[in-house]
Amino acid sequence: MVLRALQALQALATRKVAFDVDLIPRAWENLPLKKVLNWLRTEASVHVKPERPWGMPTILQVEPTSRCNLHCRVCPVGVGLGRPAGDMDPALFQRIVDEVRDSALLLLFWDWGEPFLHPEAYGMIRYAHQAGLQVVASTNGHVFASNDHAARVIASGLDVLVFSVDGITQDTYQHYRAAGKLDDVLEGIRNVVAAKKSAAGRTPLVNLRFIVMRHNEHEIEQLEDFAASLGVDALTLRKFHAVPDRRMRGRWADADFVPSRPEYQLPVLTPGTLEPVRAARNPCRNLWNCPTIHWNGVVCSCFMDWGEQLKLGTIAGQSLREVWYGEAYRDLRQRFRRGWRDLPRCGECATGFVGGDVGRHANAEAFFLEHPQGELKPC
């Protein structure tokens, strides 16, 4: 508590806030007092978990599109989201940004689907950037292999671009990312790196993300050289987030993909078994600081609710503030506090198991490329 109080005083004195996003440090300087105060109130809400948060969200996850060009083996998009596919209306996106520009710090420009399939993706990113939000986007990278996508993403002002590349050979890569072509992804990465260099720009930070799974963990030792050869700014090793299937009596539904090395399991499983261990406390932050907004304006508690089982409202006809403080959200927070284990999605999320905090534990390691030497340094 003393440390948090000191951090709060420092933020008020310096007007600066800093935290990691998937082990990538992000910082905000010269913030308006109103924004700093909202961040402090929201952080306090995360710890106390009141029915009605004391501040507006500081982070938003927005789904530009639910369409994708791949068919990843256990991704909900590949196996069926259970809801219609579509693209977010840019006018709706702008309305979201306008409402949170005085409170939010970070916008995660993806949920389910490939965000850069949206025909207005770069304009939407630019709009959020000009509103003072930092924007992070994740991609499978295929679109950047052609046309002028690389130059457009540089010009958009995007802060961090995550390339998900889960294999350094085509055989390994396509084992999970069905229909994916590794050569196209690598060409896309090189195009973005070259366009950034040509523009003499500092953004986006290009992060090569490797989700560690059973079939690719033998390639971990080769990743540093692989990342350095592409000229990216960072390499992050992400744990495979398994989701339990209750019909299998606790056995993880994605068992074939769970890595054998415990340090890359999310959550950690009992040695020699596929049994997760329940945590006594669920440290989830999303209900108090990060809503997820689907392409059609539906607001959900987090990215885990891909099928909208816990639909909390829609901003197609309401403001985000009305939904955030509305009855459905307040009821869900109450239910979470009373018994999160019994809630759909919350009870299945790895965050409710030992070593499974999706926010804090999702990434195992991060390395940063120090140009021009081309050496990756651990964070």
Side-chain angles (χ1 to χ4, degrees), residues 19-24 43 46-47 49 59 61 72-76 79 108 110-112 136 138 162 164 166 176 209-217 220 236-292 300-307 309-310 332-333 335-366 379:
F19 54 83
D20 289 353
V21 180
D22 290 348
L23 296 185
I24 303 296
E43 285 297 294
V46 166
H47 294 287
K49 295 185 171 17
I59 304 173
Q61 182 148 25
C72 299
R73 294 272 298 278
V74 296
C75 173
V79 300
L108 304 176
W110 83 91
D111 186 31
W112 299 105
V136 179
S138 178
V162 179
S164 292
D166 316 313
Y176 176 71
R209 173 184 288 167
F210 188 91
I211 302 177
V212 180
M213 294 173 271
R214 188 179 296 271
H215 67 275
N216 67 11
E217 58 187 323
I220 290 174
T236 51
L237 274 63
R238 191 171 182 87
K239 302 175 186 179
F240 179 75
H241 179 192
V243 177
D245 185 333
R246 299 182 185 205
R247 293 170 300 173
M248 302 175 74
R249 298 182 182 178
R251 183 179 184 271
W252 294 95
D254 311 326
D256 293 342
F257 292 92
V258 175
S260 62
R261 294 161 66 168
E263 64 268 33
Y264 298 113
Q265 295 173 358
L266 184 76
V268 175
L269 306 177
T270 304
T273 76
L274 289 173
E275 294 293 329
V277 179
R278 272 291 185 199
R281 177 179 175 273
N282 190 320
C284 182
R285 301 168 57 87
N286 287 8
L287 281 171
W288 289 269
N289 84 331
C290 181
T292 292
C300 294
S301 58
C302 78
F303 72 95
M304 279 289 291
D305 193 10
W306 55 78
Q309 288 182 275
L310 297 173
L332 181 58
R333 294 183 189 109
R335 293 167 62 196
F336 182 92
R337 293 185 58 170
R338 287 198 304 262
W340 53 267
R341 294 173 182 83
D342 299 322
L343 286 174
R345 295 302 174 217
C346 297
E348 301 167 0
C349 177
T351 300
F353 295 86
V354 174
D357 187 338
V358 175
R360 304 292 187 184
H361 302 153
N363 294 276
E365 298 173 276
C379 175

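Sequential numbering from 1 along the given sequence is applied to the chain's residues.
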Peer 1: To check you understand the geometry: which heavy-atom pair defines the closest contact between R278 and G347, and what is its length?
Peer 2: NH2-O, 2.6 Å
Peer 1: If I take atom NE2 from residue H215 and atom CG from residue D256, how far apart are they, to the nearest 0.5 angstrom?
Peer 2: 11.0 Å
Peer 1: Using the salt bridge (Lys or Arg N to Asp or Glu O under 4.0 Å) rule, collect all pairs that involve residues 259-270, keeping only residues at least two apart or in two chains.
Peer 2: E221-R261, R261-E263
Peer 1: Is the shortest distance from a Lys or Arg side-chain nitrogen in R209 or D22 to a carboxylate oxygen in the other one below 4.0 Å?
Peer 2: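 So R209 pairs with D22 through a salt bridge.
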Peer 1: Which residues pass the side chain to side chain donor-acceptor pair (under 3.5 Å) test with Q61, not counting sequence neighbours?
Peer 2: none
Peer 1: Would you name the heavy atoms of L237 and Y264 that are closest together and state the gap between them?
Peer 2: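 Looks like CD2-OH, 3.7 Å.
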Peer 1: Using salt bridge (charged side-chain N to carboxylate O under 4.0 Å, His left out) as the criterion, list what pairs up with R333, not counting sequence neighbours.
Peer 2: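 Here no residue qualifies.
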Peer 1: Looking at residues at least two apart in the chain, or sitting in another chain, which of them share a salt bridge (charged side-chain N to carboxylate O under 4.0 Å, His left out) with D111?
Peer 2: none
Peer 1: For P76, give me all partners under side-chain contact (heavy atoms from CB on, under 4.5 Å), at least two apart in sequence or on another chain.
Peer 2: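 P76 satisfies side-chain contact (heavy atoms from CB on, under 4.5 Å) with L81, W112, W306 once adjacent residues are dropped.
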Peer 1: If you look at every heavy atom in A350 and L266, which pair is closest and at what distance?
Peer 2: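 Result for this residue pair: CB-O, 4.0 Å.
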Peer 1: Just to verify, what does R285 make a side chain to side chain donor-acceptor pair (under 3.5 Å) with, not counting sequence neighbours?
Peer 2: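 Partners of R285 by the side chain to side chain donor-acceptor pair (under 3.5 Å) criterion, ordered by chain and then number, come out as E43.
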Peer 1: Measuring from atom SG of C284 to atom CG of N289, what distance do you get when rounded to the nearest 0.5 angstrom?
Peer 2: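 The SG atom of C284 sits 8.5 Å away from the CG atom of N289.
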Peer 1: Just verifying a value: how many Å separate N286 CG and C346 SG, rounded to the nearest 0.5 Å?
Peer 2: 9.0 Å
Peer 1: Kindly write out the residues that satisfy side chain to side chain donor-acceptor pair (under 3.5 Å) with R214, not counting sequence neighbours, or none if the list is empty.
Peer 2: none
Peer 1: Apply side chain to side chain donor-acceptor pair (under 3.5 Å) to T236 and list each qualifying residue two or more places apart in sequence or on a separate chain.
Peer 2: N207
Peer 1: Which pair of non-hydrogen atoms, one from W340 and one from G352, has the smallest distance, and what is that distance?
Peer 2: CH2-O, 3.4 Å
Peer 1: Who pairs with D305 by salt bridge (charged side-chain N to carboxylate O under 4.0 Å, His left out), at least two apart in sequence or on another chain?
Peer 2: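 Partners of D305 under the salt bridge (charged side-chain N to carboxylate O under 4.0 Å, His left out) test: none.
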Peer 1: Determine the minimum heavy-atom distance between N282 and K49, stating which atoms define it.
Peer 2: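 Between these two residues, the closest heavy atoms are O-CE, 4.1 Å.
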Peer 1: Would you please name every residue forming a side-chain contact (heavy atoms from CB on, under 4.5 Å) with P283, sequence neighbours left out?
Peer 2: R281, T351, D357
Peer 1: Can you sort out the partners of Y176 under ring-ring contact (aromatic ring centres under 6.0 Å, His included), two or more places apart, ordered by chain and number?
Peer 2: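 Y176 satisfies ring-ring contact (aromatic ring centres under 6.0 Å, His included) with F257 once adjacent residues are dropped.
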Peer 1: So which atom in D166 and which in F210 form the shortest heavy-atom distance, rounded to 0.1 Å?
Peer 2: C-CE1, 3.6 Å
Peer 1: Check for a donor-acceptor pair, side chain of Q265 on one end and backbone N or O of P259 on the other, with a separation under 3.5 Å.
Peer 2: yes
